[in-house]
A.B. asks: 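Following this message is one structure expressed as structure tokens.
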Amino acid sequence: MSTLSRRNLLRGHWRTGASAVRPPWSVDDARFVDGCTRCGACVEACETGVLTLAGRLDFPELDFQRAECTFCRRCVEACPEPIFRRHDNLPWRRTAVISESCLTVKGVACRSCQDVCEPYAIQFRLYPGGIARPQLDADTCTGCGGCVKSCPVGAITTRESNKENDEIA
């Protein structure tokens with residue numbers, strides 16, 4: 001459930017864009033939108049270019065189709081506003097999600113997501129009489145989004161996660 005931000009309420013925008021992926025270490029979406037001035041300092045500081053000003057109101061969000069997040073903290077350091085949490089916290093609770101449109105489900109061998117996964121959170125498991133399928137270790141996954149761009153059919157996304165209770169197939 002998303003909280004309506006004061007800024008969006010006053011501007012007549014009833015939805016906060018809850019599907020937007022905000023920078024790592026950012027506060028909750030409503031407080032982020034309320035405190036962000038959209039100056040673009042975080043976007044300019046981003047070392048990979050994954051951070052963009054996007055959406056209806058040009059707030060910073062990550063676009064994993066462009067690049068992955070390296071958790072360099074340059075966006076946090078560049079931001080003049082207090083809209084980020086301390087760096088000793090986890091950057092976020094995001095994890096990859098691999099959908100049924102994955103090529104391996106259709107019997108096509110592909111391991112592009114495993115090839116780019118630096119934390120080795122995606123491994124392939126052999127199935128009798130079939131193609132090996134990806135298995136995601138949610139505890140190892142950082143939610144960096146590196147696997148999203150690499151998927152040739154767009155079968156991978158990321159989502160907020162409660163890593164203690166998630167079961168990812």
Side-chain angles (χ1 to χ4, degrees), residues 1-99 101 113 116-122 136-151 154-169:
M1 181 169 107
S2 69
T3 306
L4 182 63
S5 76
R6 180 180 54 199
R7 178 177 286 170
N8 282 340
L9 176 67
L10 295 174
R11 289 189 175 158
H13 300 287
W14 306 113
R15 300 194 190 276
T16 62
S19 63
V21 180
R22 300 296 178 210
W25 292 285
S26 60
V27 294
D28 64 82
D29 195 61
R31 289 190 333 189
F32 183 88
V33 170
D34 277 344
C36 178
T37 62
R38 297 177 288 175
C39 68
C42 58
V43 174
E44 291 175 27
C46 183
E47 74 176 9
T48 63
V50 68
L51 195 55
T52 64
L53 292 176
R56 182 173 58 214
L57 299 173
D58 285 337
F59 284 103
E61 60 184 71
L62 281 78
D63 181 356
F64 293 128
Q65 290 299 326
R66 295 172 49 120
E68 68 184 89
C69 182
T70 60
F71 306 106
C72 67
R73 295 194 45 82
R74 290 182 183 176
C75 56
V76 177
E77 293 162 5
C79 183
E81 303 302 325
I83 56 175
F84 289 95
R85 296 183 320 257
R86 294 176 17 172
H87 71 277
D88 54 348
N89 294 323
L90 289 174
W92 52 31
R93 290 183 178 256
R94 289 201 84 70
T95 190
V97 177
I98 304 170
S99 75
S101 62
C113 57
V116 299
C117 185
E118 288 186 24
Y120 305 108
I122 301 174
L136 180 72
D137 179 357
D139 290 330
T140 306
C141 181
T142 62
C144 71
C147 56
V148 174
K149 183 179 179 182
S150 73
C151 182
I156 304 175
T157 58
T158 67
R159 69 171 167 85
E160 283 294 315
S161 164
N162 179 352
K163 290 196 177 193
E164 291 96 37
N165 299 323
D166 265 358
E167 295 275 334
I168 306 294

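The structure presented is a predicted model; accordingly, all values stated were derived computationally and were not measured.
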A.B. asks: Quick one: SG on Cys36 to CG on Asp29, what's the gap to the nearest 0.5 Å?
C.D. replies: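 Answer for the SG-CG pair, Cys36 versus Asp29, is 10.5 Å.
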A.B. asks: Considering residues at least two apart in sequence or located in another chain, which fulfil the side-chain hydrogen bond (donor to acceptor under 3.5 Å, both in side chains) criterion with Asp63?
C.D. replies: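 Partners of Asp63 under the side-chain hydrogen bond (donor to acceptor under 3.5 Å, both in side chains) test: none.
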A.B. asks: Enumerate, atom names and distances included, each donor-acceptor pair closer than 3.5 Å involving a side-chain atom of residues 78-88, sequence neighbours excluded.
C.D. replies:
residue	atom	partner	partner atom	Å
Arg85	NH1	Ser26	O	3.0
Arg85	NH2	Leu90	O	2.7
Arg85	NH2	Pro91	O	3.2
Arg86	NE	Asp88	OD1	3.2
Arg86	NH2	Asp88	OD1	3.4
Arg86	NH2	Asp88	OD2	2.4

A.B. asks: May I ask you to check whether Arg93 and Ser161 show a side-chain donor-acceptor distance below 3.5 Å?
C.D. replies: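 The answer is no; no qualifying pair exists.
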A.B. asks: Looking only at atom types and distance, does a side-chain atom of Trp25 sit under 3.5 Å from a main-chain N or O of Val76, one as donor and one as acceptor?
C.D. replies: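 Pair absent, no side-chain N/O of Trp25 close to backbone of Val76.
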A.B. asks: Taking distance alone, no hydrogens or angles, what donor-acceptor pairs closer than 3.5 Å link side-chain atoms of residues 43-55 to residues at least two apart or in another chain?
C.D. replies:
residue	atom	partner	partner atom	Å
Glu47	OE2	Thr70	OG1	2.4
Thr48	OG1	Val50	N	3.4
Thr48	OG1	Glu68	O	2.8
Thr52	OG1	Glu61	O	3.4

A.B. asks: Please list, chain by chain and in numerical order, all residues satisfying side-chain hydrogen bond (donor to acceptor under 3.5 Å, both in side chains) with Thr157, sequence neighbours excluded.
C.D. replies: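 Counting only residues at least two positions away or on another chain, Thr157 forms no side-chain hydrogen bond (donor to acceptor under 3.5 Å, both in side chains).
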A.B. asks: Any ion pair linking Asp28 and Arg31 (charged N to carboxylate O, less than 4.0 Å)?
C.D. replies: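 Salt bridge: yes.
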A.B. asks: Supply the atom-to-atom distance Ile98 CD1 to Leu136 CG, rounded to the nearest 0.5 angstrom.
C.D. replies: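 Going from the CD1 atom of Ile98 to the CG atom of Leu136 covers 5.5 Å.
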A.B. asks: Apply the test side-chain contact (heavy atoms from CB on, under 4.5 Å) to residues Val33 and Arg22: give CA-CA distance (whole Å), side-chain angles for both, the deciding distance (0.1 Å), then the verdict.
C.D. replies: CA-CA 10 Å; Val33 170; Arg22 300 296 178 210; 3.7 Å; yes
A.B. asks: Is the backbone of Ala96 close enough, under 3.5 Å, to the side chain of Arg159 for a donor and an acceptor to pair up by distance?
C.D. replies: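 Checked: no pair found.
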A.B. asks: Within the 4.5 Å heavy-atom criterion, are Cys117 and Cys147 side-chain neighbours or not?
C.D. replies: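 No. Closest side-chain heavy atoms not under 4.5 Å.
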A.B. asks: Please report the shortest heavy-atom distance between Pro23 and Pro60, naming the atom on each side.
C.D. replies: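 Scanning both residues, the minimum pair turns out to be CD-O, 4.0 Å.
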A.B. asks: Judged by atom type as modelled, is there a donor-acceptor pair below 3.5 Å linking the side chain of Lys149 to the main-chain atoms of Phe64?
C.D. replies: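 It does not hold such a pair.
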A.B. asks: Assess the pair Phe71 and Trp92: is the distance between their ring centroids shorter than 6.0 Å?
C.D. replies: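 That pair passes the under 6.0 Å test.
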A.B. asks: Let's go through Ile156 and Ser99 carefully: what are the C-alpha distance in whole Å and the side-chain angles of both, what is the deciding distance for side-chain contact (heavy atoms from CB on, under 4.5 Å) to 0.1 Å, and is it a yes or a no?
C.D. replies: CA-CA 6 Å; Ile156 304 175; Ser99 75; over 6 Å; no
A.B. asks: Roughly how far apart are Arg94 CZ and Cys69 SG, rounded to 0.5 Å?
C.D. replies: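 So the gap between those two atoms works out to 11.0 Å.
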A.B. asks: For a side-chain contact (heavy atoms from CB on, under 4.5 Å) check, start with the C-alpha distance between Thr158 and Val97, then their side-chain angles and the critical distance, and finish with the verdict.
C.D. replies: CA-CA 6 Å; Thr158 67; Val97 177; over 6 Å; no
A.B. asks: Specify the closest pair of heavy atoms between Ser150 and Val116, including all atoms of both residues, with the distance to one decimal.
C.D. replies: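 Between these two residues, the closest heavy atoms are OG-CG2, 3.4 Å.
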A.B. asks: Where is the tightest heavy-atom contact between Pro119 and Thr140, given as atom of each residue plus distance?
C.D. replies: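 Heavy atoms only, the tightest pair is O-CG2, 3.1 Å.
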